[in-house]
**Student:** 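Got a structure here, written out as structure tokens. Questions coming.
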Amino acid sequence: MLNKLIFTAKEVRDNEALAAKNSHCELFTLMQRAGHAAFNAWQDFNAEHTLVVVGHGNNAGDAYITASLIKQAGKRVTLCAVNPEKALTGDAAKAFKLWRDEGGEVNAYTSELLNRSDLIIDAMLGTGITSSVRDNFAKIINEINASNKPVLSIDVPSGISADTGQPLGIAIQASKTITFVGIKQGLTTAIGKQHCGELIFDDLNIGPAFFELATSSGTLINIKSFKKLGARNLNSHKGTHGKLLCVGGNEGTAGAIRLSSEAALRAGAGMVKVYTHSSSVVPVSIGRPELMVTSTNLKEALEWASCVVIGPGLGQDEWAQKTFEEVIYYCQTNNMPLVIDADALNLLAKQASSYTLKQCVLTPHPGEASRLLSKTIVDVESNRFENARLCAKRYNATCVLKGAGTLIDNAENTWVCEDGNAALAVGGSGDVLTGIIGALLAQGLNIDEAARYGVTLHAKAGDIASERDGQRGMLPSDLFSIVRQLLN
């Protein structure tokens, strides 16, 4: 498993000094390594004139080292401090002295200095910030963002909470962020992921010692984290690979359950049956004869199935409510694996206390999560890690909180998907994901495995489609053939 652990900022702060000591490394040597790592990342930009903007914390010390190395490389570098009169302490002061010994100057920030540069290195605010960005920093951050020039942030983009990924008023939009010792969890999901740009990690050669000391808050996963499902037995048959029942598609919304059910076929489910509204039978069936489609005998369909998907296009009217109650009761009574999505999540939120779910995956987007948790969307997004965990605990389920850096949480462990891009932000994309997870359950994966692998398959397929044809205009059904290729 090619996994990477993530940490809260406190875990990194509390353990990096001892990890350095146990690795026979002085803290100033660690700062020098960070400066060299940032310098290596700087080289990818091919900048002619770099503006380095520093605050007064340890990441300022990293930046002084980096600026010295750029100067030694013979490239133009200008360094300015947000508070040039403020004295540095500790190792940052040593790095400052090295810069001055190189003949480097420390300027006050001006817009003119920004205009002269073609790359900015951001080392203003680090992981210690917990309150709103002060006005003097905010003004500079705003001007840097407005310049549309490439930015390399050191450790975290200035203004981003390292734990939640939320901007504390305003934050740098980086092109790349290089983070050290441990990957900060807030850089991996939602707005934090967006503000980071490309995330680069360097453990500064103390990783093994740090990982022994620190407690991770989650694991980054991508398509390489999973082994292929393997070749099928020669004497297998359609029933060997699971019987998935997809429930949804109210009047006028047949497309949603069609996407889920066809995605399930493409993701390897042996047999897929759709229970849908009577008006949706023909729209679901047309062009896909491999799907078995019915609008009657739901109990019989449930007895046939080995796992169930419910929600895409379900609606919330009387038909939807009756269908939802029968499916949930059956799955609960018979301990049948279940994926709940879309309108079924909204129905679940209205009567959460009525059900004790067992083998279940919930796949909410932030709006659906807000209803499941009786919070606002802003509240959900303000701490995705906390709310994914809360959702998993409240419903005794594995929660897939969708978005950039989708979270998968089973109330004990958290995983964050590295793959995926904005091309997936289109209607129907979530229906495809639901079908993929259902198909993996049908093929024998357990709840957590199906959720994790399904999310990464879907996300990676989106990346491949985007690289091939661009982000705009992608249809969720474009993912079908790519998912099939990835699985095989």
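The residues of the chain are indexed from 1 along the displayed sequence. The figures here come from the full heavy-atom set of this structure, side chains too, leaving out hydrogens, waters and symmetry mates.
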**Student:** Are K139 and D135 ion-paired here, with the side-chain N under 4.0 Å from a carboxylate O?
**Tutor:**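 Looking at D135 together with K139, the answer is no, because their closest N to O distance does not fall below 4.0 Å.
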**Student:** Relative to Y453, does K227 satisfy both conditions: NZ or CZ under 6.0 angstrom from the six-membered ring centre, and within 45 degrees of the ring's axis?
**Tutor:** no
**Student:** With a 6.0 Å cut-off on ring centres, are W42 and F39 close enough?
**Tutor:** yes
**Student:** When you compare the side chains of D163 and T8, does any donor N or O come within less than 3.5 Å of an acceptor on the partner?
**Tutor:**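 Looking only at side-chain atoms, T8 and D163 do not form any donor-acceptor pair under 3.5 Å.
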**Student:** Knowing that exactly one of L479, I436, I437, I482 qualifies, which makes a side-chain contact (heavy atoms from CB on, under 4.5 Å) with L457?
**Tutor:**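 Testing L457 for a side-chain contact (heavy atoms from CB on, under 4.5 Å) against L479, I436, I437, I482 leaves exactly one candidate, I436.
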**Student:** Are Q166 and S161 close enough that a side-chain donor and a side-chain acceptor fall under 3.5 Å?
**Tutor:**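 Distance-only check fails for Q166 and S161.
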**Student:** State, yes or no, whether a side-chain contact exists between L373 and R394 at a heavy-atom distance under 4.5 Å.
**Tutor:**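 Counting from C-beta outward, L373 and R394 do come under 4.5 Å.
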**Student:** Working to the nearest 0.5 angstrom, can you tell me the gap between D118 CG and T50 OG1?
**Tutor:**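 With rounding to 0.5 Å, CG (D118) is 6.5 Å from OG1 (T50).
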**Student:** Would you say the side-chain atoms of S260 pair up with the backbone N or O of I257, donor to acceptor, closer than 3.5 Å?
**Tutor:** no
**Student:** Hey, are S481 and R266 close enough side-chain-wise for a donor-acceptor pair under 3.5 Å?
**Tutor:**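 Side chains of R266 and S481: no pair found under 3.5 Å.
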**Student:** Measuring from atom OG1 of T434 to atom CD1 of I310, what distance do you get when rounded to the nearest 0.5 angstrom?
**Tutor:**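 Rounded to the nearest 0.5 Å, the OG1-CD1 separation comes out at 11.5 Å.
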**Student:** Establish, from distance only, whether the side-chain atoms of N410 and T398 form a donor-acceptor pair under 3.5 Å.
**Tutor:** no
**Student:** With rounding to the nearest 0.5 Å, note down the distance linking OG in S158 to CG in N59.
**Tutor:**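 Rounded to the nearest 0.5 Å, the OG-CG separation comes to 6.5 Å.
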**Student:** Indicate whether any N or O donor in one side chain lies under 3.5 Å from an N or O acceptor in the other, for S111 and E143.
**Tutor:**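 Judged by distance alone, the side chains do pair up.
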**Student:** So do the side chains of W99 and V106 get within less than 4.5 Å of each other, counting heavy atoms only?
**Tutor:**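 Sidechains of V106 and W99: in contact.
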**Student:** Can you tell me how far the CD1 atom of I140 sits from the CG atom of L125, to the nearest 0.5 Å?
**Tutor:** 9.5 Å
**Student:** So does G218 get a backbone contact from the side chain of T414, meaning a donor-acceptor N/O pair under 3.5 Å?
**Tutor:**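 No; judged by distance alone, with no hydrogens or angles, the pair does not exist.
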**Student:** Are the side chains of V181 and I206 in touch, meaning some heavy atoms are under 4.5 Å apart?
**Tutor:**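 Yes; the side chains approach each other to less than 4.5 Å.
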**Student:** Are any side-chain N or O atoms of K184 and backbone N or O atoms of G182, one a donor and one an acceptor, separated by less than 3.5 Å?
**Tutor:**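 Yes, because the side chain of K184 sits within donor-acceptor range (under 3.5 Å) of the backbone of G182.
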**Student:** Do M474 and D469 have side chains that get closer than 4.5 Å, going by heavy atoms?
**Tutor:**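 No, every pair of side-chain atoms sits at 4.5 Å or beyond.
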**Student:** Could you tell me whether E198 and K176 make a salt bridge, using a distance below 4.0 angstrom between a side-chain N and a carboxylate O?
**Tutor:**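 A salt bridge links E198 with K176.
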**Student:** At their closest point, which heavy atom of I65 faces which heavy atom of L98, and how far apart are they?
**Tutor:**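 Between these two residues, the closest heavy atoms are CD1-CD1, 3.9 Å.
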**Student:** If you count every heavy atom of other residues, nucleotides or ligands that lies below 6.0 Å from E449 atom CD, does the total exceed 12?
**Tutor:**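 It does: E449 CD has more than 12 such atoms within range.
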**Student:** State, yes or no, whether a side-chain contact exists between I200 and T177 at a heavy-atom distance under 4.5 Å.
**Tutor:**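 Side chain of I200 against side chain of T177, heavy atoms only: no contact under 4.5 Å found.
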**Student:** Would D379 and N387 count as having a side-chain donor-acceptor pair, cut-off 3.5 Å?
**Tutor:**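 D379 vs N387: no donor-acceptor pair found between side chains.
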**Student:** For T179, run the side-chain contact (heavy atoms from CB on, under 4.5 Å) check against D203, L187, V12, I154 and tell me which one passes.
**Tutor:**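 Only one of D203, L187, V12, I154 forms a side-chain contact (heavy atoms from CB on, under 4.5 Å) with T179, namely L187.
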**Student:** Check step by step if side-chain contact (heavy atoms from CB on, under 4.5 Å) holds for V133 and I141.
**Tutor:** CA-CA 10 Å; V133 174; I141 291 171; 4.1 Å; yes
**Student:** Answer yes or no: is there a donor N or O on one side and an acceptor on the other, between the side chain of S147 and the main chain of I144, under 3.5 Å?
**Tutor:** yes
**Student:** Begin from the C-alpha positions of N346 and E368 and carry the test side-chain contact (heavy atoms from CB on, under 4.5 Å) through to its verdict.
**Tutor:** CA-CA 7 Å; N346 296 325; E368 291 158 345; 4.0 Å; yes
**Student:** Would you say the side chains of D419 and T456 form a donor-acceptor pair under 3.5 Å?
**Tutor:** no
**Student:** Other residues, nucleotides and ligands only: do more than 12 of their heavy atoms fall within 6.0 Å of CZ on R13?
**Tutor:**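 Result for CZ/R13: enclosed.
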**Student:** Mind running side-chain hydrogen bond (donor to acceptor under 3.5 Å, both in side chains) on N136 and N83 for me, showing each step along the way?
**Tutor:** CA-CA 9 Å; N136 54 339; N83 296 312; 3.3 Å; yes
**Student:** Between the side chain of H458 and the main-chain N/O of S429, is any donor-acceptor distance below 3.5 Å?
**Tutor:**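 Pair found, side chain donor or acceptor close to backbone of S429.
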**Student:** Could you check whether E381 pairs with R384 (Lys NZ or Arg NE/NH1/NH2 to Asp/Glu carboxylate O, under 4.0 Å)?
**Tutor:** yes
**Student:** Distance alone, cut at 3.5 Å: any donor-acceptor contact between the side chains of Q43 and N40?
**Tutor:**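 Judged by distance alone, the side chains do pair up.
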**Student:** We want to know whether H195 and S153 form a side-chain donor-acceptor pair, criterion being a heavy-atom distance below 3.5 angstrom.
**Tutor:** no
**Student:** Is it true that F7 and F210 have ring centroids separated by less than 6.0 Å?
**Tutor:**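 They qualify: ring centres under 6.0 Å apart.
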**Student:** May I ask you to decide whether D62 forms a salt bridge with R33, counting only side-chain N to carboxylate O separations under 4.0 Å?
**Tutor:** no
**Student:** Let me confirm one number: the CZ-CG distance from F180 to D155, rounded to the nearest 0.5 Å.
**Tutor:**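 Taking CZ in F180 and CG in D155, the distance rounds to 6.0 Å.
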**Student:** More than 12 heavy atoms of other residues, nucleotides or ligands under 6.0 Å from CD of E85: is that the case?
**Tutor:** yes
**Student:** Around atom CD of E212, are there more than 12 heavy atoms of other residues, nucleotides or ligands at under 6.0 Å?
**Tutor:**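 Not buried by this count: 12 neighbours or fewer within 6.0 Å.
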**Student:** Roughly how far, to the nearest 0.5 Å, is the CD1 atom of I70 from the OG1 atom of T78?
**Tutor:** 10.0 Å
**Student:** Could you check whether any side-chain N or O of K86 sits under 3.5 Å from a backbone N or O of H56, counting only pairs where one atom can act as donor and the other as acceptor?
**Tutor:**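 Answer holds: no.
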**Student:** Does a side-chain N-to-carboxylate-O contact under 4.0 Å join E48 and K75?
**Tutor:**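 Salt bridge: yes.
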**Student:** Please confirm whether the backbone N or O of F385 pairs with a side-chain atom of D409, one donor and one acceptor, at under 3.5 Å?
**Tutor:**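 Checked: no pair found.
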**Student:** Could you check whether R100 pairs with E105 (Lys NZ or Arg NE/NH1/NH2 to Asp/Glu carboxylate O, under 4.0 Å)?
**Tutor:**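 Result for this pair is no, no salt bridge flagged.
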